[in-house]
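A short worksheet on the structure shown next.
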Amino acid sequence: MRRYDPSEIEPKWQAAWEGEGLSLASEDPADPRPRFYSLDMFPYPSGDLHMGHAEAFSGGDVVARFAAMQGHNVLHPIGWDAFGLPAENAAIKRGIPPKQWTEENIEQQRRSFKRMGFSFDWSRQFNTCDPEYYRWTQWLFVKFFERGLVERRSSPVNWCPTDATVLANEQVVQGKCERCGSEVERRDLIQWFFKITEYAQRLLDDMEELTGWPERVLTMQRNWIGRSDGATVTFRIDETGDEVDIFTTRPDTLWGVSFFVFAVEHPLVQKLAEAAGTWDAVQPFVDQVRSTPSTMREEAETTDGVALGVHAVNPVNGEMVPCFVAPYVLMEYGTGAIMAVPAHDERDFRFARAHDLPVRIVIEPVGASLDPDAMTEAFEAEGAMVNSGPFDGEASPGSIGKVAQWLDGQGLGRASVTYRLRDWLISRQRYWGAPIPIVHCEECGEVPVPEENLPVLLPEDVDFRPGGDSPLARHEGFVNVACPRCGEAARRDTDTMDTFVDSSWYYLRYCSPHDEERAFDPRAVARWMPVAQYTGGVEHAILHLLYSRFFTKVLHDMGMVPFSEPFPRLMNQGQVIYGGASMSKSKGNIVEPMPIVERWGADTMRLTMLFAGPFEDDIDWKLVAPDPDRPPGVYGWLGRVWRVVHDSAAEGGRDESVPLQQLTHRTIKGVTEDLERFRFNTAISKLMTLTNVMTTEAREGRGVRMAAVKLVQMIAPMAPFIAEELWREVLGHDESVHVSVWPVFDAALVAQDQVVMVVQVNGKVRDKIEVSADISEDDARDLALASENATRAVGGGEVARIIVKAPKLVSIVVK
RNA sequence: GCGAGAGUGGCGGAACUGGGAGACGCGCCGGAUUUAGGAUCCGGUGCCCGGAAGGGCGUGGGGGUUCGAGUCCCUCCUCUCGCACCA
């Protein structure tokens, strides 16, 4: 018998599969198989494969291969999320163009993916920095623009002075740029936004359709959208007559308002301060706060703030309360101004105590009363409304709806809803992205580039190092252009799009990846979409997944796709960490997958990941594979599989024992169920048990041939190379194991005829008796009472009760 | 602070609806064998008492429901993740 040598068999089969077109999805309309779109989140091509890729794609590949063996026509595509800041910064550091750096990485990763044996349909591969792709990203931008879902407007944003670009909030870590470490500045800049907030409610409502999503991801999206129900109430400024709307979730506390607060960016602040003659004092405060990055503000003193010198009139009781400006009120949320009720809001309470402002109780706890002077914190719990005019005695917070209705009737306000979700800032002042396809014309304004002129090519002869402006702005040939509408001299927009725009529709492109006429073929999309199973990292729980859902809904509204949710089923793999911490260069704890693959084989790499624990849990590589010079545990198992399958081929058709047949079919049932539920670790343990029993059977001279056939098939989705070698070379099949039909279990063999019945006395196991599976309750009881061990445990005690759950258990209760 | 999840042997982990805790694997201990192969095969391995039979204890701590709790309820502790002045 040959030794199991992965380095010999794995490259051989990879080449064979590619030659046979094994992983190509079929577009043949006569193909009767149901379609199955198995999608993995596409990788960012920076460097070679890392452990996270190995983990995620190993899981995704099991899904795809398993579905194929179960008779599906599988689409399992791969591509590259190739634009973006990491590529650009790496290219700058190495002094080579981002395009070159990206292409080299793609080449490297492609080799490694193939070496890992992932069953991708390589014929559909694309990358997002290819003009043939970003042409359609730009086209979609234009479509969104024409629908009024794109807007260019001024907004306070995070600006990194070193990288010279705006940053997304998630690229700012504790007030510093996550890449260069510079202090991020807050600037008001004109930027492009996608109006995702218009879809806030639908993004929330349609989560009901996402029945195959992890609960925590749904929760994160729900929190991110952040719906709040409450009321908008209009206050009047006494000194100037200005009317100011506030949003509150607690209109039931309106009678307890004792001051009023504006955000520093609120447009009325300067006017009001000037009217009151306090601007000299207010202005420095406002300027100082405004120059503090938003991420730093929360660390500022929570009680900071200055008086404006004007008063707001409470519409429900006509009271005049002083107005302040304070950073704890955010311009981005609600209306940028609040009514302050210190008795019943913790933040207002802190502010009130610091500024010596009155605290007025309008909600009393049931059966108690509050003393405003003695309170050390706000009372935010349930209670009864007091000092609240017509609502005295009403239960709070149950009264919120009634108060809102009453406000509406009085013309003082109305019930309203606010979302935390902000519009999506998509423009970047960087080079390596899809240019925004807009021309700025003095006459015509913002003019989208017509479809026939797309793509707006990203010029390659650009000094792309970050400077004081967008790199594209320095390229005269790019910037100067005739207005597509009037033909006069005009200027191109010089920003590029956030890479999350590229990745918001790539799953549609896979359905018709080489279509030169349109972004995607609607018929192909209707055939394959929605995605049957989406697999990827939980780090995309909000951004990518929310944006993709948004894109799909917009396209649905445009009549371009027949569904409104792209990914009804989602699975997040865990992270691969080392020694309790994420792997990183600075910690020096990076383990590379490819050297392990070279040494022990891709099958061992894949199985080690899959066997380490539940797919969605983190894997600590230090604990799972502690000694880098020893093969991971699954390698030894593959050796046993190798030997027992060879034995089976040499045995010459001996009979298999009934227990082995039963175990084989029970294993088929269990593994099938496990693979359907991403329970790879328990699937592997069942296959190990089968292997162990087969080894014993073979040693004792009984047949194992049928068991070997099933074993090889069941291993195939997880360890595709060894399965193929054994299937074709040892078991003698002509066609690939990966197109063989997934084994089906025989119910008669799965049914147990004999089971072990447990006898408990006072809850403790005292005996185990082998019984027939269809034993009657009476027989079970009699058998248990006859048990010597049970009788001894009962001693002389009086049997008070006997619980019989035939055939599993008899429980004897003794007084 | 708010939200979500998790605490099981030396380690990774298993245990579907309450019913044999520790499957499977790693590691370790003992043995066999050898064609010295990143070997293989057999046995053992939660802790404590015992030669064994057997017994006691045991799923983060405490309490409860139940004939019976890793699983359900209350409470406390610890850890991980997400959000974080959201009115």
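Just so it is clear, the model here is predicted, and its values are computed rather than measured. Keep in mind that the numbers below use all heavy atoms, side chains included, and drop hydrogens, waters and symmetry copies. In what follows, chains are A, B, ... by sequence order, proteins preceding strands, each numbered from 1.
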Check your understanding: Should the pair R350(A)-D348(A) be classified as a salt bridge under the 4.0 Å nitrogen-to-oxygen rule?
Key ->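 No, R350(A) and D348(A) are not salt-bridged.
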
Review point. Do the charged groups of K622(A) and D627(A) touch, with an N to O distance under 4.0 Å?
Key: no

By nearest atom, which of the nucleotides [options] is closest to the [X] side chain?
X: L623(A); options: G3(B), G12(B), C24(B); answer: G12(B)
X: W600(A); options: G20(B), G38(B), G19(B); answer: G38(B)
X: P614(A); options: G38(B), C67(B), A14(B); answer: A14(B)
X: L809(A); options: C85(B), A4(B), G19(B); answer: G19(B)
X: R699(A); options: A87(B), G3(B), C41(B); answer: C41(B)
X: K768(A); options: A87(B), G20(B), A15(B); answer: G20(B)
X: F611(A); options: G12(B), C57(B), A87(B); answer: G12(B)
X: S811(A); options: A21(B), C67(B), A14(B); answer: C67(B)
X: Y333(A); options: C24(B), A21(B), A87(B); answer: A87(B)

Which whole number of Å gives the distance between the [atom1] atom of [N] and that of [M]?
N: G60(B); M: A6(B); atom1: P; result: 13 Å
N: G46(B); M: A23(B); atom1: P; result: 8 Å
N: U17(B); M: C28(B); atom1: P; result: 36 Å
N: G37(B); M: A52(B); atom1: P; result: 41 Å
N: G61(B); M: U71(B); atom1: P; result: 11 Å
N: U80(B); M: C42(B); atom1: P; result: 42 Å
N: C2(B); M: C85(B); atom1: C1'; result: 12 Å
N: A14(B); M: U59(B); atom1: C1'; result: 12 Å

Would you please confirm or rule out a distance under 4.0 Å between OP1 or OP2 of [N] and any side-chain N or O of [X]?
X: R222(A); N: A4(B); value: no
X: R766(A); N: G55(B); value: yes
X: S228(A); N: A87(B); value: yes
X: R630(A); N: G27(B); value: yes
X: R643(A); N: C41(B); value: yes
X: R640(A); N: G25(B); value: yes
X: R3(A); N: G38(B); value: yes
X: N692(A); N: G25(B); value: yes
X: R420(A); N: A84(B); value: yes
X: K808(A); N: G68(B); value: no

For a quick check of understanding: with a heavy-atom distance under 4.0 Å over all strands, which category does [X] fall into, base, sugar-phosphate or nothing?
X: T219(A); answer: sugar-phosphate
X: V538(A); answer: nothing
X: P632(A); answer: nothing

Nucleotide paired to [N] in any strand shown, Watson-Crick or G-U, under 3.5 Å:
N: U40(B); answer: A32(B)
N: G3(B); answer: C81(B)
N: U59(B); answer: none
N: G27(B); answer: U45(B)
N: A15(B); answer: none
N: G50(B); answer: none

Practice item. Return the minimal non-hydrogen interatomic distance between I619(A) and V624(A), and the atom names on each side. Key: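 Heavy atoms of I619(A) and V624(A) come nearest at CG2-CG2, 3.9 Å.
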
Report yes if the distance between the aromatic ring centroids of [X] and [Y] is under 6.0 Å, otherwise no.
X: F680(A); Y: F611(A); result: no
X: H544(A); Y: F500(A); result: no
X: F235(A); Y: F260(A); result: yes
X: W600(A); Y: Y635(A); result: yes

Check your understanding: On RNA chain B, nearest-nucleotide positions of A793(A) versus V624(A): which is more 5'?
Key -> V624(A)

Review point. Which comes earlier along RNA chain B counting from the 5' end, the contact point of K805(A) or that of G633(A), where each point is its nearest nucleotide?
Key: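 So the residue in question is K805(A).
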
Exercise for review: Measure the shortest side-chain to side-chain distance between Q221(A) and L546(A) over non-hydrogen atoms and say whether it is less than 4.5 angstrom.
Suggested key: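 Yes, side chains in contact.
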
Exercise for review: Would you tell me whether T232(A) and D245(A) have side-chain atoms, one donor and one acceptor, within less than 3.5 Å of each other?
Suggested key: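 Not at all, the side chains of T232(A) and D245(A) share no donor-acceptor pair under 3.5 Å.
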
In whole Å, I'd like the distance from the [atom1] atom of [X] to the [atom2] atom of [N].
X: N681(A); N: G12(B); atom1: CG; atom2: C1'; answer: 10 Å
X: M694(A); N: C41(B); atom1: CE; atom2: C1'; answer: 17 Å
X: R422(A); N: A84(B); atom1: CZ; atom2: P; answer: 9 Å
X: R801(A); N: C67(B); atom1: CZ; atom2: P; answer: 5 Å
X: R666(A); N: C16(B); atom1: CZ; atom2: C1'; answer: 16 Å
X: I803(A); N: A69(B); atom1: CD1; atom2: P; answer: 12 Å
X: K686(A); N: C24(B); atom1: NZ; atom2: P; answer: 12 Å
X: L607(A); N: C24(B); atom1: CG; atom2: P; answer: 18 Å

Check your understanding: Where do R250(A) and D252(A) land on the salt bridge (charged side-chain N to carboxylate O under 4.0 Å, His left out) test, with the steps shown first?
Key -> CA-CA 5 Å; R250(A) 295 296 303 275; D252(A) 55 322; 3.0 Å; yes

**Study point:** Polar pair under 3.5 Å, donor/acceptor by atom type, side chain R350(A), base C85(B)
**Key:**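 In this structure, the two groups form a donor-acceptor pair.
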
Practice item. Mark yes or no for a side-chain to base donor-acceptor pair under 3.5 Å between Q760(A) and G19(B), with no hydrogen or angle criteria applied. Key: yes

**Study point:** Where the chi angle of G7(B) falls, syn if within 90° of 0 and anti if not
**Key:**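 You should classify G7(B) as anti.
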
